[in-house]
Amino acid sequence: MLEIRDLHAEVGGREILRGLDLNLRAGEVHAIMGPNGSGKSTLAQVLAGRDTYGVTAGTVRYQGEDLLPLSPEDRARAGVFLAFQYPVEIPGVSNNYFLRASLNAIRKYQGQEELDAVDFLALVQKKMKLLHMDDALMKRAVNEGFSGGEKKRNEIFQMAVLEPKLAILDETDSGLDIDALKTVAAGVNALRSPDRAILLVTHYQRLLTYIVPDRVHVLAQGRIVKSGGKELALELESKGYQWLEGEQAAVC
Amino acid sequence: MLALKDSTTGVFASYMARFSGLDPRNAWLHAMRQRAFDRFSEMGFPHHKQEGWRQTNITAISQSVFEPRSAPPPAQLVPRLRSLDLPGVDWSPSALRLVFVNGSFAPGLSALDLPPGCRITPLAPLLAAEDAALVAHAEYADEREQAFVALNTAFLADGALVEIPDGIELAAPISILYLTTGSKEEKGISHPRTIILAGRASAVSVVETVAGFAGDVYLSNSVTSIDAGDDARVEYVRLQQDSQTAFHVSKLRTRQGRNSRVVAHNIALGGGLVRNNVHSILDGEGAECTLNGLYALDATQHVDNSTILDHAQPLCTSREYYKGVLDGKSVGVFNGRIIVRQDAQHTDAIQSNKNLLLSGSAATISSQPQLEIYADDVRCTHGATVGQLDAEALFYLRSRGLGLDESRKLLIYAFAADVLGRVQVPGLREALEGVLWQKWAE
Ligand SMILES: Nc1ncnc2c1ncn2[C@@H]1O[C@H](COP(=O)(O)OP(=O)(O)O)[C@@H](O)[C@H]1O
Ligand SMILES: [Mg+2]
């Protein structure tokens, strides 16, 4: 599904990703953990096509095709979804308009019929129930005045409606209380399927008790310094990221 | 400044010749025109070194000859008119509609199914009859020092009167269209005049459109006055859709009685060089005035909005929201003056001017608030912003599959949404959204 080889990316002349390798197969859920500033969001944004970050070397293949030349919209239309660490507020654009335009852009690209208002509403109501969301939210402007937790939940709701092939979740757990975390996890778990892959970016182990990953990778200073099974997350939790700095030294 | 009568250009000679050609037989009208023409001759056109005109150079207006052109024959005019996208004009047979072409009423294009007691009518016959309403409202002392208003009055011959008696609430909006034609060689001119008199506790909506055909060169110099009686509610929309090669100068004067509400929208979409002057006088306790503006500019358009909110009485509220979307090498100017007179205690005034520059440094905006407060117990706030499309928001939309163009369009549209959202005239907001959507689709 996703093959990243020796990825280097910079921002403002500073190299953030320094030779990152990752292999994510369809049906798998991988977690990427790492200290603040290690480049987790940079990786997520590079995969979604943010042009602030310059890819200086390496390749990214998505479903066997070169991902990097694609525009952000074409990536989304091809099934890539990023749940933002900091979802953006867009005053003046309703959630309803936005999400329908988004879904139909994706459907059109994939050769499916566009949904009319009635079918869209039915779909949205089903997904809202899944995420315990209030109907009134659809009329509100995108993320405007949402609490931190509501924004994160809205990301997962969008994901549930858009049904991407590759979902990248950037710290979706931060700012959620335990109930919201469980709801969000249920939303993500509902999406797990043999033809999808999910990349969970997180700082804490907490999320991984509800969404159990197949693999855990540790990102430090721009590259994966350790990979393992789900136990690795617990090990990190108890030993802290300092333990990794040592690992990192060993790798260098 | 240079008084026009001393100038050696052909411009003054042209205005003089036109003025001399006016029929002097109606003594009242002629005296009013003569006073106005004398003032205009004395003052000349404003100069860009003059206070209030520094950011807007109008030499293209003051040094060119503009003369009224005859209206094209209906067989040509009607199809061309219908091809213009004019969301403010209701062409249905049952509409209340007044259409003027090059300054003269066009009965064939108009429709007047008059509600009882109201007068919605062209001015020409009323001027001839020395109608009392016109005697009282055609000339205001506070406008004497304004050259363009003087010019409009000097050539006052037709226009629209909307007079709603006390207690009458008109549900259907009234549409007024002023169309001006002219070419590069034969530049046209018109002096639209609209007088809206809303009686005590009456309600009315008026949508005034000034427009021209693409490529036409002309000056439209309009003056609109609104007098809202006690407890009256007036919604006034001015849709400026002149050709990009046209010049447009306007004056809106509003005066409000006790507890009246006036909402005046100013939507500037067209015109090459545009100056809009607004003077709103809150002249009765508890009056509320909202000035709601949008200018959507591109290419080399220059639009100057100079507004005055004049709080003359206590307990009045004013809200001024002007937004600009500027593309290409366009220039926007906003001067928002708020005057709070000594008696106007408990004034509540908010002014905001927000601008979106689409093309980075090529477009420019100058925004200036000016507060003159002579009362001590008032709330007066103002704020101006200039920004560009939010890159984060753009990326967010694209990351959800919306194309770059559509995402840009959506964000511009969202920026302007609150201004359009204040338009209450049924169906107009949606129609305007359509026009803007087209404009930003380019
Ligand atoms: N747009 C940017 N401009 C400048 N520096 C950036 C930008 N984005 C990220 N960085 C820097 O890159 C490093 C990695 O950031 P990030 O990928 O957000 O880390 P993480 O998500 O792991 O906390 C940090 O040092 C951060 O300051
Ligand atoms: Mg991050």
Side-chain angles (χ1 to χ4, degrees), chain A residues 44-53 70-95 97-110 112 114 141-144 151 154-155 157-159 161-164 166-168 170, chain B residues 267 292-296 321-325 352-358 360 383 385-423 429-430 432-437 439-441:
Chain A
Q45 299 264 330
V46 164
L47 293 176
R50 182 78 201 254
D51 62 6
T52 325
Y53 302 92
L70 298 187
S71 65
E73 54 269 35
D74 279 347
R75 295 182 197 199
R77 292 163 185 173
V80 177
F81 179 92
L82 169 63
F84 284 60
Q85 181 174 5
Y86 303 108
V88 184
E89 297 195 10
I90 311 185
V93 177
S94 75
N95 262 309
Y97 181 91
F98 169 53
L99 195 52
R100 192 168 152 216
S102 167
L103 180 65
N104 280 336
I106 293 167
R107 291 179 67 97
K108 198 170 155 194
Y109 185 86
Q110 297 180 351
Q112 293 167 292
E114 295 182 36
V142 179
N143 294 321
E144 192 187 27
K151 285 180 183 171
N154 194 28
E155 294 291 287
F157 165 65
Q158 289 175 17
M159 180 183 82
V161 171
L162 300 177
E163 302 188 317
L166 169 65
I168 304 152
D170 191 358
Chain B
I267 316 282
N292 185 45
L294 177 68
Y295 38 101
Y321 308 107
Y322 266 66
K323 278 192 170 179
V325 178
S352 130
N353 174 230
K354 293 185 176 164
N355 296 281
L356 184 60
L357 296 186
L358 291 184
T385 61
V386 180
Q388 304 197 344
L389 282 183
D390 179 358
E392 300 270 340
L394 203 56
F395 178 64
Y396 190 71
L397 294 173
R398 295 178 76 191
S399 80
R400 296 295 182 257
L402 276 68
L404 177 59
D405 270 3
E406 190 183 358
S407 302
R408 281 170 52 92
K409 211 163 68 170
L410 194 56
L411 289 179
I412 301 170
Y413 193 72
F415 172 79
D418 57 343
V419 173
L420 297 178
R422 290 188 196 98
V423 176
R429 191 188 73 217
E430 294 77 1
L432 265 174
E433 285 172 354
V435 170
L436 287 166
W437 196 251
K439 185 177 175 84
W440 290 324

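What's counted below: heavy atoms across the whole structure, side chains too, no hydrogens, waters or symmetry copies. Naming convention: chains lettered A, B, ... in sequence-line order (proteins, then strands); numbering from 1 in each chain. Quick caveat, the model's predicted, so the values are computed rather than measured.
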S.K.: Less than 4.5 Å to any heavy atom of chain B: does that hold for the side chain of A:N143, its backbone, both, or neither?
M.R.: side chain
S.K.: Let's go through A:T52 and B:F395 carefully: what are the C-alpha distance in whole Å and the side-chain angles of both, what is the deciding distance for side chain to side chain contact (heavy atoms under 4.5 Å, CB included) to 0.1 Å, and is it a yes or a no?
M.R.: CA-CA 10 Å; A:T52 325; B:F395 178 64; over 6 Å; no
S.K.: Which bit of A:Y109 is near chain B, if near means a heavy-atom gap under 4.5 Å: side chain, backbone, both or neither?
M.R.: neither
S.K.: Identify which of A:I90, A:D51, A:I106 forms the greatest number of heavy-atom pairs closer than 4.5 Å to chain B.
M.R.: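 Top option by heavy-atom pairs under 4.5 Å: A:I90.
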S.K.: Taking atom NZ as the centre, does A:K151 end up with more than 12 heavy-atom neighbours from other residues, nucleotides or ligands that are less than 6.0 angstrom away?
M.R.: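 Above 12, so yes.
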S.K.: Minimum heavy-atom separation for B:G401 and A:A105, please, with both atom names.
M.R.: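 Scanning both residues, the minimum pair turns out to be O-CB, 3.2 Å.
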S.K.: Distance from A:F98 atom CZ to B:L402 atom CG, nearest 0.5 Å?
M.R.: 6.5 Å
S.K.: Select, from B:A417, B:G421, B:S399, the one with the greatest count of heavy-atom pairs under 4.5 Å involving chain A.
M.R.: B:S399
S.K.: Which one wins on heavy-atom pair count under 4.5 Å against chain B: A:L82, A:V88, A:V80?
M.R.: A:V88
S.K.: Sort B:A416 into side chain, backbone, both or neither according to what part of it lies under 4.5 angstrom from a heavy atom of chain A.
M.R.: neither
S.K.: Quick check for you: among A:R75, A:E89, A:Q158, which has the greatest number of heavy-atom pairs under 4.5 Å with chain B?
M.R.: A:Q158
S.K.: Spell out, as yes or no, whether a donor-acceptor pair under 3.5 Å connects the side chain of A:R77 to the backbone of B:R400.
M.R.: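 It does not hold such a pair.
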S.K.: What part of B:L397 is in contact with chain A, defined as an atom under 4.5 angstrom from a non-hydrogen atom: side chain, backbone, both or neither?
M.R.: both
S.K.: Which atoms of A:R50 come close to chain B, meaning under 4.5 Å heavy atom to heavy atom: side chain ones, backbone ones, both, or neither?
M.R.: both
S.K.: Apply side chain to side chain contact (heavy atoms under 4.5 Å, CB included) to residues B:E392 and A:Y86 and explain how you reach the verdict.
M.R.: CA-CA 10 Å; B:E392 300 270 340; A:Y86 303 108; over 6 Å; no
S.K.: Specify which of A:G92, A:P72, A:P164 makes the most heavy-atom pairs with chain B at under 4.5 Å.
M.R.: A:P72
